[in-house]
Amino acid sequence: MSKEITSRADDYSQWYNDLIIKGGLADYSAVRGCMVIKPYGYAIWENMRDQLDKMFKETGHENAYFPLFVPKSLFEAEEKNAEGFAKECAIVTHYRLKADPDNKGKLIVDPEAKLEEELVVRPTSEAIIWNTYKGWIQSYRDLPLLINQWANVVRWEMRTRLFLRTAEFLWQEGHTAHATRLEAIDETVQMLNVYATFAETFMAMPVIKGVKSANERFAGAEDTYCIEALMQDGKALQAGTSHFLGQNFAKAFDVKFTDKENKLDYVWATSWGVSTRLIGALVMAHSDDQGLVLPPKLAPIQVVIVPIFKGEEQKQLIDEKVKVLQQQLKAAGIKVKYDDNDNNRPGWKFAEYEMKGVPVRIAIGARDIASNVVEVARRDTKEKMSMSIDGLAENIIQLLSDIQTSIFNKAKTFRDAHITNADSWDEFIQLLDEKTGFIAAHWDGTSETEDKIKELTKATIRCIPLDNNMQEGKCILTGGLSQQRVLFARAY
RNA sequence: CGGGACGUAGCGCAGGCCGGUAGCGCACCAGGCUGGGGGUCUGGGGGUCGCAAGUUCGAAUCUUGUCGUCCCGACCA
């Protein structure tokens, strides 16, 4: 069939693309580097967004919306941030088109309509937001300011990949302002924990919480905290970041407040974000050669019911039974779809919903109704079982919960098995090439060494884990003194 | 931005060397038989061959230019 998926072993990258395209998550578009997120993929994003939004609100944040465009003069205010993003910005220089006098039916940019000041399409919103915060913050009573926005941003990447790196992507960015350094750091860590909880509980994807080395730090941050996940091909993926920005942006945008002692000080800032890249992570974390495997907590459809019938009479009998079941499942909070489309036969549907990663499939035919059971199949293990129609909803709830746990454990077992200590350069190289995954090794703490390792191996320091054991050792490259192991990996 | 591949029906492709008015599979439409793992039969509809210029009586095919997409690399969430 045309819908066959390239296997992971044959071509991992093609496998990933096949899942996205054939699973109906997204499509290529007419715009280079930009994708169309299709309803099924968008539904996953909506589920992620709703859950995260709830968690943000539970931790005291409010949503707001800031402009897509950033005047260049604001953009350049925080030097490091500007420099970091400068080479991947889309810029608006004109505001009008006009008919091309030499080419009927075509349009050209009207040279008369050049903007006085160019507008940068936001690659991130610190600049426009901190310029706004200046007007909102005068006193410690205005703090903390805890704001999040759901938005799109544009980063003109050289090379894009569906969901993992697109020129335009959807994300959320939290931007908070605080009276003290400590409070800002607490906020940074709190949001990192929110992300980690989300990744593990909802995406069923184990993550390592850590701090970035200076090389990998967000442009303009004092510290970047991150969650790092491991994909099935042994490459790491940064799944979320939370930045402690110190007073850098407050100084750049002159955001001062009067404290309780009537002293003037700059505010302390954080920013944190996750993006539609999480969908890419989700896909790569669990899926197999038959298609997507979605965690029940984020699956747009948790249970699909496929009728199996001969003739209209049986169909009606099944319809009636399913109607009741469907109501029971819905009442139990389960997202259920009844696919009674007569254009496709059961086998086709089985394959289709496996490709789409629907966690549980229920097949029901006249035979089943006669014995008061249904056939239940779980996507993750492909195991089939017979379940009584009585009390089905409770059993399905339990099954969904088991699947959620089971795919998390599977991913965690794989991840844990792919964190390996390396104590020499040779061992490091060998592990990187043959075993892949995270490699815990000593590093002398310098950017030069990190650069050199990257140059030699393409591996970067993914993070310095927060729960690291302090343990002296020698840098695998230079032999310099090291206080702890850091995690290296090749990454997306 | 370097390297590679490719633009022909909605999708996947053949045809191109050797120029003569476009084909296959899937999908789609109508109907029948079917139905517990991607069924089958009959009959249909759909393409100015990425775009532009050139050569020619005649271009999907030859020439030149141009635009775009994907993959690999460097860069990055």
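These values consider heavy atoms only, across backbone and side chains, with no hydrogens, waters or symmetry-generated copies. To find a chain, count down the sequence lines: A is the first, B the second, and so on, and within it residues start at 1. Remember, it's a predicted structure, so these values are computed and weren't measured experimentally.
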Side chain A:K349 and base B:G35 donor-acceptor under 3.5 Å: no

A:K315 NZ to B:U34 C1', straight-line distance once rounded to whole Å: 15 Å

OP1 or OP2 of B:G39 under 4.0 Å from side-chain N/O of A:R345: yes

Base paired to B:C1 (Watson-Crick or G-U; both N/O distances under 3.5 angstrom): B:G73

OP1 or OP2 of B:C71 under 4.0 Å from side-chain N/O of A:S13: no

Spacing between A:N344 atom CG and B:G39 atom P, to the nearest angstrom: 8 Å

Lys/Arg N to Asp/Glu carboxylate O, A:K315 vs A:D319, below 4.0 Å: yes

Sugar-phosphate, base or nothing in reach of A:S386, heavy atoms under 4.0 Å: nothing

Note, A:M55 side chain near A:K57 side chain (heavy atom, < 4.5 Å): no

Touch class at under 4.0 angstrom, heavy-atom based, for A:K212 against every strand present: nothing

A:N17 side-chain N/O to B:C70 phosphate OP1/OP2 under 4.0 Å: no

Note: A:K209-A:E228 ion pair, threshold 4.0 Å (strictly below): no

Nucleotide forming a Watson-Crick or wobble pair with B:C51, both distances under 3.5 Å: B:G65

Pairwise C1' distance, B:U63 and B:C17 [rounded to whole Å]: 15 Å

Pairwise 5' ranking along RNA chain B for A:A377 and A:Q238, keeping only the more 5' one: A:A377

Spacing of A:Y492 atom OH relative to B:C71 atom P, expressed in whole Å: 12 Å

Paired nucleotide for B:C17 [Watson-Crick or G-U wobble; both distances under 3.5 Å]: none

Separation of the C1' atoms in B:U21 and B:G25, to the nearest angstrom: 24 Å

B:C71 to B:A30 separation - P atoms, rounded to the nearest Å: 37 Å

Sugar-phosphate only, base, or nothing, as touched by A:K454 at under 4.0 Å among non-hydrogen atoms: sugar-phosphate

Any strand: nucleotide that pairs with B:G43 via Watson-Crick or wobble, under 3.5 Å: B:C29

B:A9 and B:G73, which share atom name C1', separated by this distance in whole Å: 36 Å

Touch class at under 4.0 angstrom, heavy-atom based, for A:E157 against every strand present: base

Sugar-phosphate, base or nothing in reach of A:R361, heavy atoms under 4.0 Å: base

Gap in Å between the two C1' atoms, one belonging to B:C67 and one to B:G31, rounded: 45 Å

Atom-to-atom span, NZ of A:K384 to P of B:G36 - whole angstrom: 11 Å

Sugar-phosphate, base or nothing in reach of A:E354, heavy atoms under 4.0 Å: base

Integer angstrom distance from the C1' of B:G15 to that of B:C24: 10 Å

Whole-Å distance separating the CD1 atom of A:I318 from the P atom of B:G35: 13 Å

Distance, C1' atom - from B:A5 to B:G12, rounded to whole angstrom: 16 Å

Polar side-chain atom of A:S371 near backbone of A:V373 as donor-acceptor pair, under 3.5 Å: no

A:E46 CD: over 12 foreign heavy atoms closer than 6.0 Å: yes

C1' spacing across the pair B:G50 / B:G68, given as an integer number of angstrom: 7 Å

Sugar-phosphate, base or nothing in reach of A:Y28, heavy atoms under 4.0 Å: sugar-phosphate

Sugar-phosphate, base or nothing in reach of A:L237, heavy atoms under 4.0 Å: nothing

Interatomic distance where NZ belongs to A:K458 and C1' belongs to B:C72 [whole Å]: 10 Å

Touch class at under 4.0 angstrom, heavy-atom based, for A:K87 against every strand present: sugar-phosphate

Touch class at under 4.0 angstrom, heavy-atom based, for A:Q314 against every strand present: nothing

Atom-pair distance (CG on A:N343; C1' on B:U40), nearest Å: 15 Å

Between C1' of B:G36 and CG of A:D340, the distance in whole Å: 17 Å

Listed once per pair and sorted, the side chain to side chain donor-acceptor pair (under 3.5 Å) pairs that draw on residues 299-314 of chain A, sequence neighbours left out: none

Of A:A491 and A:G311, the one whose closest RNA chain B nucleotide lies more 5': A:G311

Least distance between heavy atoms, A:S287 atom then A:V283 atom: OG-O, 2.7 Å

Donor-acceptor pair (no angle test) under 3.5 Å: A:D342 side chain, B:G35 base: yes

Counter-base of B:C24, judged by Watson-Crick or G-U geometry with both distances under 3.5 Å: B:G12

Presence of salt bridge, A:R361 and A:D339, under 4.0 angstrom: no

